[in-house]
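Structure, as C-alpha cells:
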Amino acid sequence: MPEKLHTRFEDSDGDDAGKTAVRPQKKEQVDVADPVIKETREKKNKKRKREETADVKPNTQRVVIRDGEKSRNASSAQESDQKRDVKEVSNGFKSQKHQSKDQKMIRQGKPSSTLREKARALYEIRKKLPIFPHADEIRQQLKKDDVMLLVGETGSGKSTQIPQFLADESWCRPKTVKVTEEDGKQKDVSVGGCIAITQPRRVAAISLARRVADEMGTPLGSSSPASRVGYSVRFDTSTSPSTKVKYLTEGMLLQEMLHDPWLTKYSAVLVDEVHERGVNVDLVLGFLRNIVSGKKEGRGGIPLKVIAMSATADMESLLSFFKEGFDNAQSTGTDGTNASDGALDHQDSERDEKQGQVAVCHIKGRQFPVKTIYTPEPVHDFVDAALKVIFQIHCKEPMPGDILVFLTGQETVEALEYLVNDYAIGMDPALPKVQVLPLFAALPQAAQQRVFQPAPPRTRKIILATNIAETSVTISGIRFVVDCGKAKMKQFRTRLGLDSLLVKPISKSAAIQRKGRAGREAPGQCYRLYTEKDYLTLQETNTPEILRCDLSQAILTMKARGVDDIVDFPFLTRPPREALEKALLQLFNIQALEESGKISSIGLQIAKLPLTAPLGRVLLAAAQNGPNCLLDVIDIISSLSVENIFLNTTSEEKKEEAEKARRDLFRREGDHLTMLATVQAYAAENTDRKAWAERHMVSHRAMQSVMDVRKQLTTQCRQAKLLPDANTCASIANNQPDPVLILKSFLTGFATNTARIVPDGSYRTIVGNQTVAIHPSSVLFGKKVEAIMYNEFVFTNRSYARGVSAVQMDWVGEVLAGQ
DNA sequence: GAGCACTGC
C-alpha cells in the first residue's frame, strides 16, 4: 500500500500544503485514491493553516457572554514570521530516512529524537495560540472546580492544547481506591489517569489525536506501547497501555459507559463542540452531570473533571444545567463532599466550600473581520437574488476571492448552477472568468473534491453548497459568503411517527457560522439574502437534535446505563412528554422494555449493537431463525446503515444503463432482498470489487462501509454467541436465502411500519390509516402488492415509504398479535 | 416518476 505509507509521511511532517513553496506536493496529495484519507488531510491542512497564523494576543475574560462574531486582525509581519517557522519544521522531517529511524525507535518503545525535535518546533507555534497564555489560569481553576465551561472561538487552539495543559496535573494521576461492589465486597480499583476528549465526528477525533501526538513528541496510539496519545472511533481504535490523552467520538464514550458507567479510566472528560447539540452530546452531558454532582461511589469518591467546550455555546443554559446538578445534590445531601471513605485527601475541606462552583472561561479566537450586507427588502426568490449578488461581487470586487453560496438542497444548487453559467456567457470578456462548483452530499466524491482544487488563473470560484459547508468541509480561498438564510432540516413528528424534511430559517448561530467562512484567511464580506430585521427574529441557536428526532435510541441508551426512570435524567433540553412516551411505547412494542419500564434482556442486547433499536430487534429475531437467516439479515442491515448503495443516476440515458446493469440484482420481493443480492454479489467478487461496483452502478465507497458494518456485526454476534464460529459460518454461507424468514425477522422490528393496499390502489398504514406512497427509488415503485413493510416513513412533498418489501397481511397480524 | 442537510455506535 504505497499510498497509505505516503500519506502517513505527509501527515506527520507538519507541512502546510497551502504555501506556494510546497504546491507540487499538494497536487500529489490530492491525487491519493482514498477519499477518506484525502478528506482528513484536507481538513487537517486547513486546521494547521489556521493554527499557525493564530498569533494575536487574545482577550480573555471570565464569565463574559457576548457576540461571538467580533473578530480581530492579525499583524501580517507576525504572520509571515510564523510561516517561516512552519517551513523550517516541515523541511526537517520529510525524508524517508528519518521516518524509518523513527519507526525503529518506536518499536523500541522510546520516543525518537526526531519526534522530540518536531515537538520542539511545534511548540513555537503552540505558544502563539490564543489559548496558550491561559494555561495556568485553566489549571488553577480546575484545581478548585470540577466543572469548567469554555468558549473558545475558532482557531483558539482549545481542542489541542487543553488536554496538554492538564495531562501532568496531580489530580490527573491514577489512584487506587477501595470501591464497594454490588455484592457488598470491597475491591481495589484504579481510578483516573487518562483524559478523554469527545468529538462529534470521526475525522476530527483522528486528526486531532495525530496533531497532539506530534506536539507532545510521542508516537500515536497503538504504534508504540509508550504512546501517550490515542484515539477511538468506530471501526478504528488506536490506543496504548500508556495512553494519557484520548480523542474519541461521543458515541464511543457512551459505548464505554455501557461497561464502565463511572468512567473509572478517566480523570477528566472534555466535551468538545457542545454547541452542535447532537443527541449523543446531550446524553454525555447528562451522564457527566450525574457523576460530578453525585457521591461518585464507583470512583471511590475521586472527582471527575468535566470541561464543556464550544465555539458559540449557549453558556447560560450550560451554566444553570451544571449548577442545578450541584444544588440538587447539596439539598439532598448526595454530593461528593459527604463522601467519608477517606479516599479524598486534605483538599476535601477546600472542596466543600467550592462545591457547586462552575468555572467559566472565554477565549477569543482569531478571525478576520467580515462585513455583513443585508438586503434592504425581503427576498422572495433567493436563487434569483443570489444570482444577482454573485455577479455584483464578481464585477465589483478584485481578485482573488472566491464566493461560497449557502443554499438549501440539490435542487436549488443545480438551478443556480445553470443560471450562473448561462449568465456568464454574456459577461464582459474583460472580467475574470467564473468557475461554478456545486457541492452537496449526494454528489459523487470526485465531483466534491473539485471544490478543493485551486481555480485556473484569472478565474473566480463560485461554490454553490448546501449546509455541508457549514461544519463538515472547510474550503480555502473564500472571501465572500452569500447566505440564503435557510436550510433543509429533518424533524421527527411524534404524532405521525414520520420524519419531515422541510426548508426552514436557520438560527443566528448558524448564520454567524456561515458568515465566519469568509474570514478565515483575510477580511471578507457576507451577503445575507434577508433583512437585518429578519436576522434579529431568527432563533438564537439550532434546535437541539433531541427535540427533532425519534427518542427510542436515546432512551434505550439511558436505560442500558442504569437510568431506570427517564424523568430523573438531567436533560440539557427536556424533550416533550409526548415524545418520551411514544418512544417508551415503541421500545415496549419491540420487547426492549418490560411492562414496568425496566430494560429487558432483549433491550440490553439491542443497546450493545451499533444499530437503531428496531434494527437491533430485527437482528435478534433473525438469530432466532438460525445462523443462515442471521447472516442474510446482517447483510441487509449493513446496507440499510449506509445512506445509499446505488449510485444516483443523473441523465435519462444513464438511468436506462443503470437499470440494465442492476437487473440481475433486483428481487421482486422488494428492497431488502435486492440489497441482500447486491451485498452477496459484491462480497463474492474476489478479483476487482471496484470494477464490479462500477459495472453495476453501485457505489463502491458505500459498499466499503457496508462491509465494515457487516464485519462489525458478525464479530459482535459471534461474541454474543448468536453466531457459530467463522468456519461453521463459511459452510452455511452458500445456502439459498429464505425470503419469508428474512422478511418475518424484519417485521419483528417494523410491525408498525406496514401498510396495506386499498381499492384505489394506494397504500394506507396499518397503524394510523395514513396514506403512504412507495418511494420512486424503491424496486417496488409502481407495483401493487397486498401489503408493504418499510424502514423509513418520510415526508417531503408527500409521504413516502423507503426501504420497502412486499409482505403478507397474515404475517403482520402474527407479529402485531404477539406484541 | 421523485428528489434527500448532516452526524454517530
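What's counted below: heavy atoms across the whole structure, side chains too, no hydrogens, waters or symmetry copies. Residue numbers start from 1 in every chain, and the chains themselves are labelled A, B, ... in the order their sequence lines are given, proteins ahead of strands.
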Between A/H672 and A/F746, is the ring-ring contact (aromatic ring centres under 6.0 Å, His included) condition met? List the steps.
CA-CA 9 Å; A/H672 297 88; A/F746 269 92; 4.7 Å; yes
With a cut-off of less than 4.0 Å, is there a side-chain N or O of A/N797 near OP1 or OP2 of B/dG3?
yes
Nearest-nucleotide 5' precedence on DNA chain B, A/L501 against A/F781
A/F781
When rounded to whole Å, the NE2 to P distance for the pair A/H275 and B/dC6 reads 17 Å
Nearest to the A/P776 side chain among B/dA5, B/dA2, B/dT7, which nucleotide is it?
B/dA2
By nearest atom, which of the nucleotides B/dA5, B/dG3, B/dG8 is closest to the A/F440 side chain?
B/dA5
Of B/dC9, B/dG1, B/dG8, the nucleotide closest to the side chain of A/P610 is B/dC9
Looking for any heavy atom pair under 4.0 Å, which part of the strands does A/V233 touch: base, sugar-phosphate only, or nothing?
sugar-phosphate
Answer with yes or no whether A/R201 presents, from its side chain, a donor or acceptor under 3.5 Å of a partner atom in the base of B/dC6.
no
Identify, with sequence neighbours excluded, every residue that meets side-chain hydrogen bond (donor to acceptor under 3.5 Å, both in side chains) alongside A/D384.
A/K388
Of B/dA5, B/dT7, B/dC9, the nucleotide closest to the side chain of A/R202 is B/dC9
Of the options B/dA2, B/dC6, B/dC9, whose atoms approach the side-chain atoms of A/A441 most closely?
B/dC6
Quick one: label A/L254 by what it contacts on the DNA or RNA (base, sugar-phosphate, nothing), any heavy atom closer than 4.0 Å.
nothing
Can you tell me how far P of B/dA2 sits from CD of A/E411, to the nearest Å?
12 Å
Counting heavy atoms from C-beta on, name the nucleotide in B/dC9, B/dC4, B/dG8 closest to the side chain of A/Q255.
B/dC9
Taking the minimum atom-to-atom distance to the side chain of A/N467, which one of B/dG8, B/dA2, B/dA5 wins?
B/dA5
Within this structure, what is the CG-to-P distance between A/L640 and B/dC4, rounded to whole angstrom?
20 Å
Under 4.0 angstrom between A/Y800 side-chain N/O and B/dG3 OP1 or OP2
yes
Among the candidates B/dG1, B/dC9, B/dC6, find the nucleotide nearest to the side-chain atoms of A/K490.
B/dC6
For A/D282 and B/dC9, what is the distance between atoms CG and C1' respectively, to the nearest whole Å?
17 Å
Ring pair (Phe, Tyr, Trp, His ring centres under 6.0 Å) with A/F492: which residues, sequence neighbours excluded?
none
When we call it a touch if two heavy atoms are under 4.0 Å apart, what does A/G278 touch: a base, just sugar-phosphate, or nothing?
nothing
For A/L407 and B/dC6, give me the distance from atom CG to atom C1', rounded to whole Å.
16 Å
From B/dT7, B/dG3, B/dC9, pick the nucleotide closest to the side chain of A/H775?
B/dG3
Which residues satisfy the side chain to side chain contact (heavy atoms under 4.5 Å, CB included) test with A/A518, sequence neighbours excluded?
A/V370, A/V481
Would you classify A/N644 as touching base, sugar-phosphate or nothing, given that sugar-phosphate means primed atoms plus P, OP1 and OP2, and contacts are heavy atoms under 4.0 Å?
nothing
By side chain to side chain contact (heavy atoms under 4.5 Å, CB included), which residues pair with A/D260, not counting sequence neighbours?
A/W262, A/T264
Measure the distance from CG on A/L439 to P on B/dC6 and round it to the nearest whole Å.
9 Å
Output yes when at least one side-chain N/O atom of A/T796 is less than 4.0 Å from OP1 or OP2 of B/dA2, else no.
no
Whole-Å distance between B/dA2 C1' and A/D671 CG?
14 Å
Yes or no on side chain to side chain donor-acceptor pair (under 3.5 Å) for A/Y530 and A/K486, after CA distance, side-chain angles and deciding distance?
CA-CA 10 Å; A/Y530 41 96; A/K486 296 196 161 55; over 6 Å; no
Within the 6.0 Å centroid threshold, strictly below: A/F287 and A/F569:
yes
Going by number, which of residues 546-560 of chain A have a non-hydrogen atom under 4.0 Å from DNA chain B?
none
Excluding sequence neighbours, so at least two apart, what forms ring pair (Phe, Tyr, Trp, His ring centres under 6.0 Å) with A/Y231?
none
Closest approach to the side chain of A/M252, judged atom by atom: which nucleotide of B/dA5, B/dG3, B/dC9 is it?
B/dC9
Can you measure A/Q513 atom CD to B/dC6 atom P for me and round it to whole angstrom units?
15 Å
Let's go through A/L407 and A/T466 carefully: what are the C-alpha distance in whole Å and the side-chain angles of both, what is the deciding distance for side-chain contact (heavy atoms from CB on, under 4.5 Å) to 0.1 Å, and is it a yes or a no?
CA-CA 5 Å; A/L407 298 160; A/T466 61; 5.9 Å; no
